[in-house]
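Quick note: numbers below take in every heavy atom, side chains included, and nothing from hydrogens, waters or symmetry partners. The chain is numbered in sequence order, starting from 1. First listed ligand is number 1; within each ligand, the first listed atom is number 1.
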Amino acid sequence: MLAIDEQQLSAWIETALTQKKLGTLPTYVPSLAEANPNNFAIVLQSIENPIISLGNVEKKLPLMSAIKPFLLLYLLCEFGSDFVFQKVGIEPSEKPFNSLEQLDIDSGWARNPMINSGAIALSSLLPGNTSQERCENFCSWLNEYGKCQLFLDTNILASVRSFPNQNNQAIAQKLVEAGYISDSKIALDTYNQICCLSGTIFDLANLGMLLVKYPNSEWKKHCCTVKGLMTTCGLYEASSSYAEKIGIPIKSSVSGIVLGVVPSTGIIACYSPPLDKQGNSVAGLFLLELIIRKGRRQEGILTSDF
Ligand code: GLN
């Protein structure tokens with residue numbers, strides 16, 4: 001049994017949602033700008049126990065940057081770490097997730113896989129002839145191993161494409177100039193497509209469980225790498241402060257997703273669209289902090305039971 005009950009969780013959600021007025025919706029992707037700021041969903045899932053879920057659990061959410069840890073996991077599992085870390089670093093960045101300045105400072109070397117430059121560099125490694133084929137191969141792998149039903153949301157993709165992101169284009173171009181990718185258009189289009197992979201909060205939770213339940217020791221090693229980088233880089237410039245405050249691997253996305261992994265135990269997947277200055281869900285992070293901190297005080301929630 002989960003030691004946290006729905007009543008307790010509902011009370012924490014109510015507190016967390018008072019914070020969402022401090023956030024704003026992103027403006028650079030029209031469909032994200034039109035999101036309902038009051039939408040909210042959460043799933044808590046542990047290895048052996050039933051799920052607790054509350055909110056708009058059937059809503060389809062674009063994963064956006066929440067795909068980044070799974071892009072890294074896929075490439076590590078398929079090609080190994082030596083190959084992957086020739087293309088991307090493991091250093092945190094104090095600059096925003098889409099910083100071209102950081103990439104310039106580093107002469108075109110993408111600091112880590114959790115920021116746009118790193119994920120664009122890694123998107124170029126996905127197997128397939130076209131960006132569509134690359135995204136489809138990757139999506140099939142995620143659905144097979146994650147037991148989820150992700151799909152490419154073509155409406156969101158159209159919305160992303162309707163507002164070409166010049167910053168990401170400049171990042172991709174810089175990666176080409178530095179020799180880390182060969183074709184900026186394919187890499188960027190692949191990146192845009194995988195960011196538009198979508199599913200419900202349950203799909204996200206199943207995906208998150210890939211980082212908790214390992215089929216073999218090789219997989220476990222790669223998951224530890226992914227979780228380490230989520231802890232140090234998953235919330236961009238805010239990563240170190242949340243590593244100190246919450247202390248678990250977390251990945252956020254501009255669509256309002258926050259995915260926290262409670263190592264060896266389970267995951268917390270949360271969705272609330274209003275974002276703080278760094279692009280992290282305000283209510284999502286507030287809630288995660290409440291659950292983890294209070295959970296630590298109330299024996300059992302985050303130990304053997306969750
Ligand atoms: N596709 C988005 C972008 O490139 C993803 C960023 C995010 O979720 N932080 O800006």
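Of the listed residues (Ser252, Pro62, Ser65), the one carrying the non-hydrogen atom nearest atom 8 (O) of ligand 1 is Ser65.
When atom types are taken as modelled, the side chain of Asn143 and the backbone of Leu150 share a donor-acceptor pair closer than 3.5 angstrom. No donor-acceptor pair closer than 3.5 Å links the side chain of Asn56 to the backbone N or O of Lys59. No donor-acceptor pair closer than 3.5 Å links the side chain of Trp12 to the backbone N or O of Gln7. Under the 3.5 Å distance criterion, the side-chain polar atoms of Arg134 are left unmatched by any main-chain donor or acceptor of Pro127.
Listed by number with element, the atoms of ligand 1 under 4.0 Å from a non-hydrogen atom of Ser253 are 8 (O). Residue-ligand proximity, Cys195 to ligand 1, at heavy-atom distances under 4.0 Å covers atoms 1 (N). Of all the atoms in ligand 1, the ones that sit under 4.0 Å from a non-hydrogen atom of Tyr236 are 7 (C), 9 (N). Residue contact check: Asn168 has heavy atoms under 4.0 Å from atoms 3 (C), 4 (O) of ligand 1. With ligand atoms numbered from 1 in the order given, ligand 1 contributes 7 (C), 8 (O), 9 (N) to contacts under 4.0 Å with heavy atoms of Val254.
The protein heavy-atom contact nearest to atom 2 (C) of ligand 1 is Tyr28 OH, 3.6 Å.
Lys60 has no carboxylate O lying under 4.0 Å from a charged side-chain N of Asp203, or vice versa, which leaves the two without a salt bridge.
Side-chain contact annotation: Asp189 with Gln193, donor-acceptor N/O pair under 3.5 Å present.
Counting heavy atoms under 4.0 Å from ligand 1, residue Asn116 touches it through the side chain alone.
For ligand 1, the polar-atom distance check finds no N/O of Phe97 at less than 3.5 Å from any of the ligand's N/O atoms. Close N/O approach between Asn192 and ligand 1 is not found [any backbone or side-chain N/O within under 3.5 Å].
Under the 6.0 Å cut-off for aromatic ring centres, Tyr74 and Phe138 qualify, their centroids lying closer than that.
For the pair Asn98 and ligand 1, no heavy-atom separation below 4.0 Å is found.
Within the structure, side chain to side chain donor-acceptor pair (under 3.5 Å) pairs that include any residue of residues 106-116 comprise Lys68-Asn116, Gln102-Asp106, Asp106-Arg111, Asn116-Asn168, Asn116-Tyr191 (at least two apart or interchain).
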